[in-house]
Amino acid sequence: MEIVVGISGASGVKYGIRLLQALREKGCITHVVITDSAAKIIEVETDFKLKNVEGLADHFYQFRDFAAPIASGSHIFDAMVIIPCSMGTLSAVACGSSDTLITRAADVCLKERRRLIMVPRETPLSLIQIRNMAAAAEAGAIILPACPAFYSRPESLADLVDVLVGRVLDLLGVENNLYRRWKG
């Protein structure tokens, strides 16, 4: 599979980093775009260096590189995940504004009917944000809020991250055993 990963400027960049690691482990081809805000948050929230995160992907593009292959519908890729998805990025996707490479690649997904998974990380939500999620979902995006699940009995922050990333992989159709599944 060929997957585009957008890491935008919301808290929770560990989700995007872990997704890149998991996709690499599964042999997927990955493209990553990291916003300037996300680059700063990587420094604040993790021990990763930006270059290390960029190196987890097969292809890295600058945030405003509209000449990147993923900016065109003629470049075939399977899906895109925006993880975490800031409310600004969500808003841009919901109203069709393609002012960054992340929002342009998301627009490509929607117009080409490819899978787009958006992982918003914000709380509480305003009515505007809820309506933006609805608009993105109506356009074809899958909204997967970064809400931890506890039925797998996580023992660490890494376990909580793996539950969410495992759910993203499930939606992509990538087999994984990152979390204990519900058995009733």
Side-chain angles (χ1 to χ4, degrees), residues 1-86 88-90 92-93 96-121 136 139-142 144 146 161-162 164-176 178:
M1 290 188 81
E2 188 168 339
I3 309 294
V4 176
V5 177
I7 301 177
S8 68
S11 183
V13 292
K14 284 185 179 188
Y15 292 123
I17 293 168
R18 182 66 180 115
L19 178 62
L20 286 169
Q21 291 169 331
L23 290 171
R24 174 168 275 207
E25 291 166 10
K26 293 296 182 178
C28 296
I29 298 167
T30 54
H31 304 260
V32 70
V33 182
I34 301 170
T35 67
D36 293 340
S37 298
K40 289 182 176 119
I41 294 170
I42 288 169
E43 291 177 20
V44 170
E45 292 185 350
T46 76
D47 293 328
F48 282 89
K49 301 290 182 212
L50 183 58
K51 291 256 187 235
N52 300 114
V53 178
E54 293 169 1
L56 292 172
D58 297 292
H59 307 278
F60 167 75
Y61 307 104
Q62 294 297 323
F63 180 52
R64 300 232 182 247
D65 182 3
F66 290 99
I70 60 173
S72 173
S74 67
H75 179 82
I76 304 298
F77 56 89
D78 296 291
M80 178 177 186
V81 183
I82 305 174
I83 181 170
C85 182
S86 69
T89 299
L90 171 68
V93 172
S97 174
S98 298
D99 61 340
T100 70
L101 184 55
I102 289 177
T103 56
R104 173 59 190 161
D107 191 44
V108 166
C109 282
L110 295 174
K111 76 182 188 72
E112 300 289 334
R113 305 294 191 255
R114 297 179 193 158
R115 184 156 289 201
L116 172 62
I117 302 167
M118 301 175 75
V119 183
R121 217 297 315 141
I142 297 170
L144 178 71
V161 169
D162 277 354
L164 184 85
V165 171
R167 296 298 306 270
V168 170
L169 293 171
D170 291 345
L171 288 170
L172 291 171
V174 176
E175 285 188 36
N176 72 90
L178 289 184

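Since the structure is predicted, the reported quantities are computational estimates derived from the model, not experimental observations.
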Any side-chain heavy-atom pair of [X] and [Y] under 4.5 Å:
X	Y	answer
Glu54	Leu50	yes
Val174	Ile3	no
Val13	Val53	no
Ile7	Leu20	yes
Val32	Leu56	no

task: Quick one: do Val93 and Leu116 satisfy side-chain contact (heavy atoms from CB on, under 4.5 Å)? Show the steps, please.
output: CA-CA 10 Å; Val93 172; Leu116 172 62; 4.1 Å; yes

Ignoring hydrogens, what is the shortest heavy-atom contact between [X] and [Y]? Give both atom names and the distance.
X	Y	answer
Ile41	Gly9	CD1-C, 3.5 Å
Ala68	Leu101	CB-CD2, 3.8 Å
Ile102	Gly6	CD1-CA, 3.9 Å
Ala71	Val108	O-CG2, 3.6 Å
Leu169	Ala22	CD1-CB, 3.8 Å
Ala136	Leu90	CB-CD1, 4.2 Å

- prompt: Say you draw a straight line from CD1 of Ile117 to CG of Leu171; how long is it, rounded to the nearest 0.5 Å?
  reply: 4.5 Å

task: With rounding to the nearest 0.5 Å, note down the distance linking CD1 in Ile34 to CD1 in Ile42.
output: 4.5 Å

message: Holding to ring-ring contact (aromatic ring centres under 6.0 Å, His included), I want the full list of residues that pass it with Tyr61, two or more places apart in sequence or in another chain.
response: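 So Tyr61 forms a ring-ring contact (aromatic ring centres under 6.0 Å, His included) with His31.
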
- prompt: Residues in side-chain contact (heavy atoms from CB on, under 4.5 Å) with Asn52, at least two apart?
  reply: Phe48, Lys49

field: side-chain contact (heavy atoms from CB on, under 4.5 Å) involving Ser37 - partner list, sequence neighbours excluded
entry: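 With sequence neighbours excluded, Ser37 shows a side-chain contact (heavy atoms from CB on, under 4.5 Å) to Thr35, given in chain and number order.
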
Pairs touching [range] that satisfy salt bridge (charged side-chain N to carboxylate O under 4.0 Å, His left out), sequence neighbours left out:
range	value
residues 56-76	none
residues 106-116	Arg104-Asp107
residues 18-29	Arg18-Glu25, Arg18-Asp162

[X] [atom1]: over 12 foreign heavy atoms closer than 6.0 Å:
X	atom1	value
Asp99	CG	yes
Arg167	CZ	no
Gln62	CD	no

Which donor-acceptor pairs under 3.5 Å do side chains of residues 73-85 form with protein atoms, sequence neighbours excluded?
unit_1, atom_1, unit_2, atom_2, d
Ser74, OG, Ser72, OG, 2.8
His75, NE2, Glu2, OE2, 2.8
Asp78, OD2, Glu2, N, 2.7

- prompt: salt bridge (Lys or Arg N to Asp or Glu O under 4.0 Å) with Asp170: which residues, sequence neighbours excluded?
  reply: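 Residues passing salt bridge (Lys or Arg N to Asp or Glu O under 4.0 Å) with Asp170: Arg181.
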
- prompt: Among all residues two or more places apart in sequence or in another chain, which pass the side chain to side chain donor-acceptor pair (under 3.5 Å) test with Ser11?
  reply: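 Checked Ser11 against side chain to side chain donor-acceptor pair (under 3.5 Å); matches are Glu45.
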
field: Any pair counted as ring-ring contact (aromatic ring centres under 6.0 Å, His included), so long as it reaches residues 6-27, sequence neighbours left out
entry: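 Sorted result for residues 6-27: empty, none.
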
